[in-house]
Every structure is written in C-alpha cells, then in structure tokens.
There are 2 protein chains.
Amino acid sequence: MMTGMAATPSPRAAGAPPTSGDVARVAGVSRATVSYVLNNTEGGRVSEATRERVRDAARQLGYVPHAVARALRAGRSGIVLLTAPAVTVGPLFAHAYADLQQALAELGHTAVLYGPTGARGAEAGRRWAELRPDAVLSLMDDSMDEDAVAVLHKAGVGVVLGCGPVPVPGAHALVADQEQVGFRAVEHLAAAGRRTLGVIVPADASLLGFAEPRLAGAEKGARARDAVTVVRQDLALDEGAATRWARQCAEAGIDGLFAYNDEYAALAVRALQDSGKRVPEDVAVVGADDLLIGRLLRPRLTTVRMDYMPSREIARLLNRLIGTPDAPPETHDILRTGLVVRESA
Amino acid sequence: MMTGMAATPSPRAAGAPPTSGDVARVAGVSRATVSYVLNNTEGGRVSEATRERVRDAARQLGYVPHAVARALRAGRSGIVLLTAPAVTVGPLFAHAYADLQQALAELGHTAVLYGPTGARGAEAGRRWAELRPDAVLSLMDDSMDEDAVAVLHKAGVGVVLGCGPVPVPGAHALVADQEQVGFRAVEHLAAAGRRTLGVIVPADASLLGFAEPRLAGAEKGARARDAVTVVRQDLALDEGAATRWARQCAEAGIDGLFAYNDEYAALAVRALQDSGKRVPEDVAVVGADDLLIGRLLRPRLTTVRMDYMPSREIARLLNRLIGTPDAPPETHDILRTGLVVRESA
DNA sequence: TTGAAAGCGCTACCAT
DNA sequence: ATGGTAGCGCTTTCAA
C-alpha cells in the first residue's frame with residue numbers, strides 16, 4: 001500500500017502535456033475531484049471555492065482531457081464512424097456531411113469520416129472495429145457487407161447502419177430506392193410520346209451501385225408502357241467518348257434519353273447538339289440529381305430531383321439506436337424523388 | 001502478490017467482445033505472448049507452434065485489437081486528423097482525400113476526417129486535441145488559427161500542418177498561393193488587349209479565403225500593365241443575381257472578365273449571352289480550376305488550371321514531420337498553375 | 001466535502 | 001521461449 005503524499009505526485013517532465021493529475025496537483029486536490037469538477041458530475045458535491053481552483057488550474061495549464069483514456073475507461077468512444085468510398089465524398093455529400101456532424105455533436109457524439117480503406121468485407125470491418133466506434137454509418141460504401149457487419153458486431157460495435165442502394169444483411173438500413181429515379185424519368189419521356197429510350201450508364205465502375213438500379217427502374221417503367229423500349233448506353237465522362245456515342249446514338253433511332261445524372265446529361269446534350277441533333281425536338285433528355293450545371297446549359301435540363309432524409313433525422317435515429325444496441329435491424333426509406341420539368345424534355 | 005492461475009483468468013461475459021486476455025486463455029498462453037505474436041514482435045522469440053495456436057484462437061474468437069487501448073499504452077494514436085470546412089469537402093477534394101488516406105495508410109497512419117466543429121480557434125483546437133492525433137492537417141480551414149495551434153502543441157500534438165491560402169503562425173504550412181491564379185488570368189486578358197477587367201468574387205463568405213487572394217493577384221497583374229484596371233464584381237451563385245449583374249456589367253464598360261472559378265464563369269457567360277453580349281468578342285472570360293462544365297459550355301472556357309502537390313508527397317511529408325515533432329515550422333509551396341486556352345478568351 | 005484505489009485493454013520491461 | 005506485472009489517463013465506487 002502507498003502511504004502519504006499520494007495526492008501530490010511529483011510533477012511530470014516539463015514538455016509533457018498536462019494530465020488531470022497535474023491539474024489536481026496545481027489545484028491541491030485529488031484527481032477524482034478534478035474529474036468531478038470538469039465533468040460537472042454530482043451537482044454540488046464539490047464546494048464552489050474548490051471548483052474555481054480546479055478550473056483555474058486547468059485553464060492555466062492548458063489542460064485538454066484525453067478522449068482516448070476516457071473512452072477506454074468508459075467502454076465507449078462516443079465516435080460515430082462514417083465510411084464512404086472516394087466518389088461519394090462529392091458535392092452532394094459535402095453539406096449533408098457537415099449537417100450530420102453538427103447534429104450528432106449536439107447529441108453528444110463525434111462524427112468522424114473514415115475514407116476508403118482499400119480493403120473490403122471482413123478486412124474492412126476489422127479496420128473500422130479497431131477504433132471501437134459506438135456506431136458505423138456506411139454511405140454508399142460497397143466495401144460494407146455481411147461479413148463486415150459480423151466482425152463489427154463481434155467486436156462490440158452495436159450499431160451498424162448502411163445507407164445505399166441495397167440493404168446490408170444484419171445491419172440497419174437507410175434505403176435510397178434509386179429505381180424510382182429511372183422510373184420517373186421514363187414515365188415522363190413516355191408521356192411525351194418518346195418510344196426508343198436510351199439510358200446512359202456511367203463507365204465509372206464505382207457508380208454502378210447507383211447506376212444499375214436507376215437503369216432497372218427505367219426498364220420497369222418501360223415495361224409498364226406499351227411500345228416503349230429501353231436501350232442501355234455505356235458512356236465515360238469524357239468528350240471524345242461522347243462524340244463517338246452521339247454518332248452511334250443516331251443510328252439506334254433514340255428519341256428519348258435518361259442520363260445517369262445531370263453531368264452525364266450535359267455531356268450528352270452537348271455531343272448531340274454538336275452532331276446536329278436538336279434537343280428536345282429530336283431527342284428529349286432527362287437528367288438526375290438537379291445539379292447546378294443543368295440550369296446553366298441551354299436548353300435547361302429537365303431532371304429528377306432527390307430529397308434525402310435530413311441529417312438531423314438521421315442523427316436522431318443513430319442516437320436512438322446507440323441507446324438500444326441490440327434492437328433488431330430496422331429499415332428506413334430516405335429517398336423521395338420529384339421531377340423538375342425544364343426545357344430539355 | 002497474485003499467486004497461480006494468473007495466466008488463466010476467468011472467461012468474460014458471453015456477449016462481451018473478446019480481448020487479448022480471452023485469446024490468451026483459449027490459446028493457453030499469456031497476454032504478453034498474444035501481443036508478441038499478433039504484432040510480430042521480436043522475430044522468432046515465440047515458437048512457431050505457439051504462434052499458430054495464438055492465431056487460431058484469435059481467428060476463432062473473432063478478436064479485433066482495441067486501438068483505443070493500444071493508443072493509450074503507446075502514447076500515440078496513429079491518427080492523422082484532417083480538418084476541413086463544409087465547402088472544401090467538395091469534388092476537387094474527393095479524390096485527393098482518398099489518395100491521401102491510402103498513402104498515409106501505407107506509412108502506418110490512419111487518416112480520419114473531422115468535419116466542421118462549429119467552433120473556431122482555441123475551442124476548435126481543444127476538440128481536435130482531445131483525440132490526441134499524431135498530426136493535424138487542416139485543409140482550407142479558417143477555424144484553424146494561432147490559438148488552435150497553441151492548444152494543440154500544449155496538448156502534445158507535435159505536428160500541425162496548415163494547408164490554405166495563408167500560413168498559420170506556429171504551424172507548418174502548405175501554401176497554395178492563390179494570387180498566381182488571378183495574376184495569370186489578368187496577364188492573358190491584358191495581352192489580348194482587354195483594358196477594363198471585371199473580377200468576379202463569390203458572395204459565399206466561406207470562399208473568401210480563396211477569392212480575396214485571387215482578386216489581389218488580379219490587381220497585382222493589372223498594376224504591372226499600363227492602362228489596365230480591375231473592377232471587383234460580387235456575385236452570388238444564382239441565376240437571378242447573374243441577370244442583374246450582367247446589366248450592370250454592360251454599363252461599367254467591362255471587356256474582360258476573370259471569374260472566381262469555372263462555375264461562376266459559366267453562370268456569368270450565360271447571363272452575358274442572355275443579355276445580348278457576345279463572348280469573347282464583347283467580353284473575354286477566363287475561369288479557374290478547369291472544371292468539367294468549362295468544356296461543355298459554348299464557347300468553351302479558357303481557364304486557369306491548378307496542379308497541387310500529389311497526395312503521396314504530402315503523406316511522406318507528414319510522416320517525416322511525425323518522426324521529428326519538434327522541428328521548426330516548414331513552408332512548402334504546393335500549387336502550380338497553368339493557363340488552358342480555349343475559346344472564351 | 002474529498003480522497004484512495006481499482007481497472008478499462010494493451011504493450012514492454014524484466015524475470016525465469 | 002514464455003509469463004508476470006506495471007502503467008498509459010481517466011472515471012467511479014467506496015471509505016473517511
């Protein structure tokens with residue numbers, strides 16, 4: 001057993017960052033008291049005079065609590081890990097991410113984005129699990145799969161929430177039903193009397209998770225109509241490719257076009273116009289995502305707008321799930337779409 | 001002193017995630033040995049048979065090391081914290097971020113993005129410092145200032161690297177000299193005989209950190225020439241604002257325009273054309289950042305392209321700095337610009 | 001009202 | 001070749 005002096009440990013090396021022990025020493029109290037004061041634990045159990053001394057000492061030393069040590073002791077890190085592949089960390093995502101960060105912070109969580117690991121499945125799950133987050137939210141991330149979920153659960157990460165075109169087995173799901181997008185676009189084109197509909201699918205493989213369902217939705221839309229056919233058009237986001245595509249497109253007799261998003265639509269419109277086609281007279285074009293570029297081009301793009309569940313609601317959902325880690329997987333629909341009719345279709 | 005049995009602690013609650021102690025128990029060895037084996041410490045000091053048993057046990061239990069505990073013990077978290085305000089987490093940034101993540105991972109670090117905290121200066125510094133990262137890289141983040149750096153250093157975060165238009169005192173700096181951009185644009189417009197140059201500055205306050213230096217560079221370019229003047233044009237990224245701006249622009253007698261970036265340039269070109277001006281005949285336009293939209297417009301946009309230091313080099317730099325935490329602040333230039341001449345100027 | 005001490009999971013030093 | 005054990009910084013129970 002130690003005797004005496006324990007409340008006054010020797011000062012630490014000069015350059016070392018101050019710990020709660022240092023604060024205690026300077027304030028002339030125990031580490032326990034420091035903890036009580038700085039965390040406002042147990043209302044008035046510490047006298048106001050002492051509280052003031054402790055806070056002064058902390059300020060004077062520039063003390064910053066050590067979240068790692070706190071997490072170890074508490075058994076929970078307070079971290080919500082967001083995972084997202086490179087492509088997703090894009091413009092649409094930027095503000096949503098900032099909002100989510102904010103909303104989670106208000107609920108006492110720390111949102112942290114962990115970019116592409118280079119691994120997939122169980123291996124990716126292990127990388128995430130090492131940090132022992134309270135929850136993992138994977139955004140459109142196809143490296144999150146059933147194995148990854150299993151690893152996470154086994155490592156004590158109680159909440160795994162997948163957000164993407166397809167739900168991940170075993171995890172909670174925010175489903176963004178991308179099929180709606182294609183369906184709605186085709187509905188509009190068909191109603192305008194178009195019969196041979198091209199659907200532009202991006203060559204970028206990392207977008208297939210979105211592109212395939214949008215195509216599938218378009219095909220579903222075509223089947224619901226008589227005499228409407230859908231032709232898949234693979235296209236890279238590149239002017240040369242677009243020029244070649246426009247030629248081939250004319251031969252296919254396409255009179256209506258649904259592009260993966262407004263960027264691809266813009267590229268296609270340009271190429272069609274350069275090849276002598278008129279938009280929308282010869283080919284009607286519908287884009288998606290309501291990007292700025294669609295309003296700057298002439299003709300202005302008709303597009304399928306996406307309304308996702310607001311970040312604040314997602315934060316509340318996460319907060320609730322973290323509170324009940326063993327609840328059975330829930331599925332929430334987070335996508336509503338609407339057509340923005342402009343000039344191109 | 002404990003006696004006996006210490007190598008065989010009692011099993012833990014069934015649902016609890018396995019610890020190295022559990023692995024040790026299953027493999028019939030001590031926790032120390034588990035640590036040696038799983039971290040490949042000290043070459044052959046553990047027999048191959050034992051190593052195999054340990055690895056089997058770990059696999060069977062689904063053991064994932066606890067990075068938090070490891071960090072506490074090691075005194076370093078292995079984390080490189082990236083901070084960025086909402087606007088920056090944009091398209092240009094996406095791939096750079098993914099690359100950096102990758103490059104840092106290869107060097108044994110974990111890159112983690114910590115979005116806008118809602119706080120600034122010392123308070124923001126405290127939020128970051130809590131996580132005890134080995135380094136903080138702030139990207140175009142104006143909430144990182146001298147006070148934040150001081151807090152971080154005091155909390156033992158040895159490496160603070162700022163990347164933005166202006167260096168942060170006390171921290172290492174990656175300077176992206178945005179003035180070059182404006183200078184180069186004005187040089188081109190003046191050489192083409194334009195004399196009254198508008199410079200479009202975005203109304204979005206969060207972009208001012210870039211916009212002001214670009215404007216300053218343009219002014220510097222004008223001073224270097226006779227009879228060339230620069231007129232600041234504030235503009236919001238909005239069609240209505242652009243229409244009003246185009247009218248006022250005609251009155252000002254502007255015959256050359258440098259826009260903050262290609263998006264603003266596109267908006268301006270559109271508005272000018274709609275108001276009856278010809279581009280480039282009446283007004284020559286130069287954009288910046290070489291965005292896709294610049295190639296889709298007619299006329300195609302002349303733009304100032306940016307070449308940043310590749311992520312791999314930034315990762316190597318960070319790695320070196322983490323190895324020598326007390327080195328004096330270094331400054332590195334990471335921006336090269338080049339003019340891409342197309343049709344608009 | 002305050003303090004002592006245990007212990008979160010891990011690694012590294014020193015024994016054996 | 002392997003094991004005991006101290007201790008990273010913190011919170012929290014129990015004791016005073």
Side-chain angles (χ1 to χ4, degrees), chain A residues 1-9 12-13 16-25 27-51 53-54 63-78 129-132 155-156, chain B residues 1-9 12-13 16-25 27-51 53-54 63-78 129-132 155-156:
Chain A
M1 301 279 176
M2 296 229 163
T3 59
M5 304 300 287
T8 313
R12 326 186 38 190
T19 70
S20 74
D22 295 325
V23 177
R25 194 169 39 75
V29 298
S30 74
R31 276 159 54 224
T33 303
V34 171
S35 175
Y36 290 144
V37 172
L38 297 183
N39 296 308
N40 290 317
T41 327
E42 311 263 348
R45 300 219 337 157
V46 179
S47 70
E48 187 51 45
T50 306
R51 305 176 83 89
R53 276 215 317 288
V54 169
Y63 171 71
V64 177
H66 196 307
V68 170
R70 190 208 304 265
L72 184 59
R73 167 67 223 221
R76 50 204 307 269
S77 61
E130 283 191 354
L131 300 178
R132 294 295 194 278
Chain B
M1 300 277 178
M2 296 229 165
T3 59
M5 302 301 286
T8 311
R12 326 186 37 185
T19 70
S20 74
D22 296 324
V23 177
R25 193 169 40 73
V29 298
S30 74
R31 276 161 48 228
T33 303
V34 170
S35 174
Y36 292 144
V37 172
L38 296 184
N39 296 308
N40 290 316
T41 327
E42 311 266 347
R45 301 221 337 161
V46 178
S47 71
E48 188 51 44
T50 306
R51 306 176 82 90
R53 277 216 316 288
V54 169
Y63 171 71
V64 176
H66 196 307
V68 171
R70 192 209 302 268
L72 184 60
R73 167 67 223 221
R76 48 203 307 270
S77 61
E130 282 191 354
L131 301 177
R132 295 294 193 278

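We name chains A, B, ... by the order of the sequence lines, and we start the count at 1 in each one.
Residue contacts for Ser35(A): at a heavy-atom cut-off of 4.0 Å it reaches a base atom on one of the strands shown.
In terms of position on DNA chain D, the residue among Thr50(B) and Arg73(B) whose nearest nucleotide sits closer to the 5' end is Thr50(B).
Applying the 3.5 Å distance criterion, the base of dC13(C) shares a donor-acceptor pair with the side chain of Tyr36(B).
Taking atom CG of residue Leu131(B) and atom C1' of nucleotide dC10(D), one finds them 15 Å apart after rounding to whole Å. Between Leu38(B) atom CG and dT11(C) atom P there is a gap of 8 Å when expressed in whole angstrom units. If you take CD of Glu130(B) and P of dC10(D), they are 11 Å apart, rounded to a whole angstrom. Atom pair Asp22(B):CG and dG9(C):P shows a separation of 9 Å (rounding to whole Å applied). Atoms CG (Asn39(A)) and C1' (dC10(D)) sit 9 Å apart, rounded to a whole Å. Taking atom NE2 on His66(A) and atom C1' on dG9(C), their separation rounds to 14 Å, with Å as the unit. As a whole-Å value, the separation of Leu72(B) CG from dC8(C) C1' is 9 Å. Distance CZ (Arg31(B)) to C1' (dT11(C)): 9 Å, rounded to an integer number of Å.
Dashed line: the shortest gap from a side-chain N or O of Ser30(A) to OP1 or OP2 of dA4(C) is not under 4.0 Å. A close approach under 4.0 Å does occur between a side-chain nitrogen or oxygen of Ser47(A) and OP1 or OP2 of dT2(C). At least one side-chain nitrogen or oxygen of Thr33(B) sits closer than 4.0 Å to the OP1 or OP2 atom of dG3(D).
Nearest heavy-atom pair, Val64(A) versus Ala129(B), reported as atom, atom and distance to 0.1 Å: CG1-CB, 3.9 Å. The two residues Thr19(B) and Tyr63(B) come nearest to each other via the heavy atoms C-CE1, 3.5 Å.
The shortest side-chain heavy-atom distance between Arg51(B) and Asn40(B) falls under the 4.5 Å cut-off. Thr33(A) has its side chain out of reach of Arg53(A): every pair of non-hydrogen atoms, C-beta onward, lies at least 4.5 Å apart.
Rounding to the nearest 0.5 Å gives a distance of 10.0 Å between NE2 of His66(B) and CG of Leu72(B).
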